[in-house]
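Model, not experiment: these values are computed from the prediction.
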Amino acid sequence: MLLSMGQFPLLGADIYIEDQGLTNGPLLRSLLLSENCLNPMPPFTLEIGGIIDRRGIVPYTAVPVFRDANTPWPFADKDLSLDTLDFGILQSAIGLDGHVRTTGTPVVPQHAVASVGNVAVRPEAAVETSSYSVDASAFNGVPSRDTQRMPYAVNPSPLPLMFEMPSGKNSLLLDSPLFGIGSGGVLRVTLCAADLDEARILYDQLAPICAIMTALTAATPIVKGHLTDRDCYWDVQCSAVDDRSAQERGIVPLTTAKGTLLKSRFGSIDTYLGPSPTSKNLAFRPEINDCQYTYDSCSYWKMKDGGVDNLLSQHVARLFIRDLHYASAKMLGDNNSGNGNRADGNVRSGNVNDNRNGSSGSASIDSDGQEHFKRFLGCNRQNVCLYPPNTSTGSGWEIEFMSLEVQLTDAENAALITFIVLLSRVIISYRLNLYLPISQMDQNMSRAQKINAVKDQQFIFRRDVFSGKDGNSSSSGRIPWRGNVRSRPDPHMPGSPVEQDQFHRHIGIKSPESAEYVELTVDEILNGSPKHRVMGLLKIIQSFLPTLHLEYDVEREVRRQLWLVERRASGKLCTLATWMRRFVRNHPEYKRDSVVSPPINYDMLRTMNDIEEGKIMAPELLG
């Protein structure tokens, strides 16, 4: 059976396929997965190897298990434990910063030795080097020429809790990038923009929708044969492929890494692009880029010298703070043609990421630079991605929306694609203003992964999507919290105290009708809320449809697809994650211990296949 789903529910759970093979192989180095799970094609094997080599250890992920009536508590993973895994630095040929070394055992330095081009700008104090000095004035978002060889941290703040190793208590442990890069099926929607200005608008305005659509399409409640305490796979994907080295994660002092990185390269966006300097759209305010991120100043000044504006230069330079996982040798210049090439024509990133000379790994790109850069962008996958035009294929500026989990049927997937495409047209035609502070967007993504988030969670959203285009918020700017203590902001949220005080205070004093941002359910965001004077994105789209002058049959089909989105947002139709959770818990063999046994899994997948083929009706899922 060929099923459209994010992940096989028993992946990594004991013997889950025939001829499984031995675990702990040389490529995956996993105690759960065998080499037979890995696609043998070089792009996959090299990317997996590049992730492990850069990090210095095999990335692991702790997924909280769902606590049912008979679930052993405290729960302990029977396959892996924190005692059996080495979460320190691999005592091998892998260095502290992920660079491959031929001899010697790495030693953790007792202090960082700063050198030009390898300084992490930290908020605590000025950083002194042999030639330059960086003080608080460097943190205004625009670096000076005097410090152009240093990476920069924008909007510095205290290190967040993500620098602590996640606890394995009451969690399932996963020990392979394959749980992220090869699982968690994403329904990608690629949108073509007329020009760069339109691409920047779509990039910015679609980003706040990501968490809403993640909750709406949640489809992965089962991991490693267990019900989990979440309904989707977003943060598991991000952490399973997190290739940051020990220095980049802040575990050991910085010596050779460019700086401290707060996020995995797979995750939510770090910064808005904002409108172009010539744009008349004044909805963007610099203050909503309120999270810390690090970018490569050499790349930044190359962009600036080429006439690119500040925000777009920072966006590209932020990408170049990371390394390629692998590269095709034919796309590299003659300078690298003899360095680490393989018989398959690819170069592993562990041998290509020597960026310590400030070259950002791009100095030797030849005429195939566009394809090379596109592959580089593919190694930095966020929930919204911007792709430049390609002269060889004739494609223009593209925006890729990557926050939809793949659904069971073609009808569901088509409905979601239709919604995103129409929303993009409405954003451009009506100049919607969906801007939300980056930190609040990250908080929304955390809420979107919880059980039945589409009904039970509230998301911070802009109340009036038509206001603020003149640069004035015309509201209090505060968030009137709706009494859900679990939804309140994390006190360790990135951002300076001044920013937190100005843009997302914990207690609002204005009524919801005058607040700039309010807490809304998915139903209220998409279908509207008279109580909060929110029109609803679906209603805006429906009012836009007559302007397209579609044929009757086409418009009827489009409205039917929007009806599916509307019903799922309202909770009248359940998500695939809810359907799977109900099936397991109602199965006669389920012992209410959170375990999804092979017989339960088999019956569930057979039923899902029959639904997909139309043999069984599922009105609670499809209407």
Side-chain angles (χ1 to χ4, degrees), residues 50 54 97-99 112 114-123 127 129 131-134 138-156 242-245 247-250 254-267 269-274 289 291-325 327 332 335-336 349-350 352-365 369 372-382 385-386 388:
R54 285 210 77 259
D97 52 3
H99 293 273
S115 59
V116 176
N118 295 310
V119 178
V121 178
R122 293 186 179 275
V127 178
T129 71
S131 304
Y132 306 101
S133 175
V134 182
F139 300 116
N140 59 5
V142 182
S144 64
R145 287 284 184 177
D146 294 337
T147 54
Q148 63 175 345
R149 289 185 59 80
M150 298 181 183
Y152 283 86
V154 176
N155 296 327
D242 186 0
D243 69 340
R244 291 174 300 163
S245 67
Q247 292 184 30
E248 291 169 337
R249 283 176 286 149
L254 288 161
T255 55
T256 57
K258 285 187 173 184
T260 303
L261 307 179
L262 297 185
K263 291 183 179 180
S264 165
R265 68 174 71 208
F266 290 69
I269 67 170
D270 295 318
T271 175
Y272 291 112
L273 297 180
N289 278 336
C291 284
Q292 179 179 347
Y293 60 93
T294 307
Y295 63 87
D296 179 69
S297 62
C298 294
S299 302
Y300 172 84
W301 284 113
K302 287 179 182 179
M303 299 287 290
K304 290 287 290 182
D305 291 342
V308 181
D309 63 90
N310 178 57
L311 285 172
L312 189 56
S313 297
Q314 286 186 3
H315 168 73
V316 175
R318 175 189 58 82
L319 299 176
F320 276 101
I321 203 71
R322 317 240 183 206
D323 299 317
L324 270 170
H325 287 152
L332 300 177
N335 292 338
N336 279 353
S349 72
V352 181
N353 67 1
D354 187 9
N355 295 338
R356 286 165 282 183
N357 60 0
S359 66
S360 299
S362 59
S364 61
I365 296 177
H372 185 84
F373 185 59
K374 184 176 181 180
R375 181 169 291 185
F376 178 78
L377 289 176
C379 292
N380 292 272
R381 304 171 198 171
Q382 297 180 311
C385 299
L386 172 69

Q: Sequence neighbours left out, what passes side chain to side chain contact (heavy atoms under 4.5 Å, CB included) with D243? Give chain and number order.
A: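 With neighbours one apart ignored, the set is I51, R54, R265, H325.
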Q.
Suppose we screen for side chain to side chain contact (heavy atoms under 4.5 Å, CB included). Which residues come up paired with S313, at least two apart in sequence or across chains?
A.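 Result, side chain to side chain contact (heavy atoms under 4.5 Å, CB included) vs S313: Y300, M303, K304, V308.
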What distance do [X] atom [atom1] and [Y] atom [atom2] have between them, rounded to the nearest 0.5 Å?
X	Y	atom1	atom2	value
L311	T271	CG	OG1	6.0 Å
I321	S297	CD1	OG	8.0 Å
L312	L273	CG	CG	6.0 Å
L261	S245	CG	OG	7.5 Å
Q314	D270	CD	CG	11.5 Å
R249	D242	CZ	CG	7.0 Å

Q. Would you find a donor on one side and an acceptor on the other, under 3.5 Å apart, between the side chain of K263 and the backbone of I269?
A.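 Looks like yes, one N/O pair under 3.5 Å.
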Q) Is there a donor-acceptor pair under 3.5 Å between the side chain of Q247 and the backbone N or O of T255? A)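 Such a contact is found between Q247 side chain and T255 backbone.
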Q) Of all heavy-atom pairs between A257 and E248, which one has the smallest distance, and what is that distance? A)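 In terms of heavy atoms, the two residues are closest at CB-CG, 3.9 Å.
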Q.
Please enumerate all residues that pass ring-ring contact (aromatic ring centres under 6.0 Å, His included) together with F266, with sequence neighbours excluded.
A.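 Testing F266 for ring-ring contact (aromatic ring centres under 6.0 Å, His included), a comparison that skips the adjacent residues, returns none.
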Q.
For K258 and T294: C-alpha separation, side-chain torsions, deciding distance, then whether side-chain contact (heavy atoms from CB on, under 4.5 Å) applies.
A. CA-CA 9 Å; K258 285 187 173 184; T294 307; over 6 Å; no
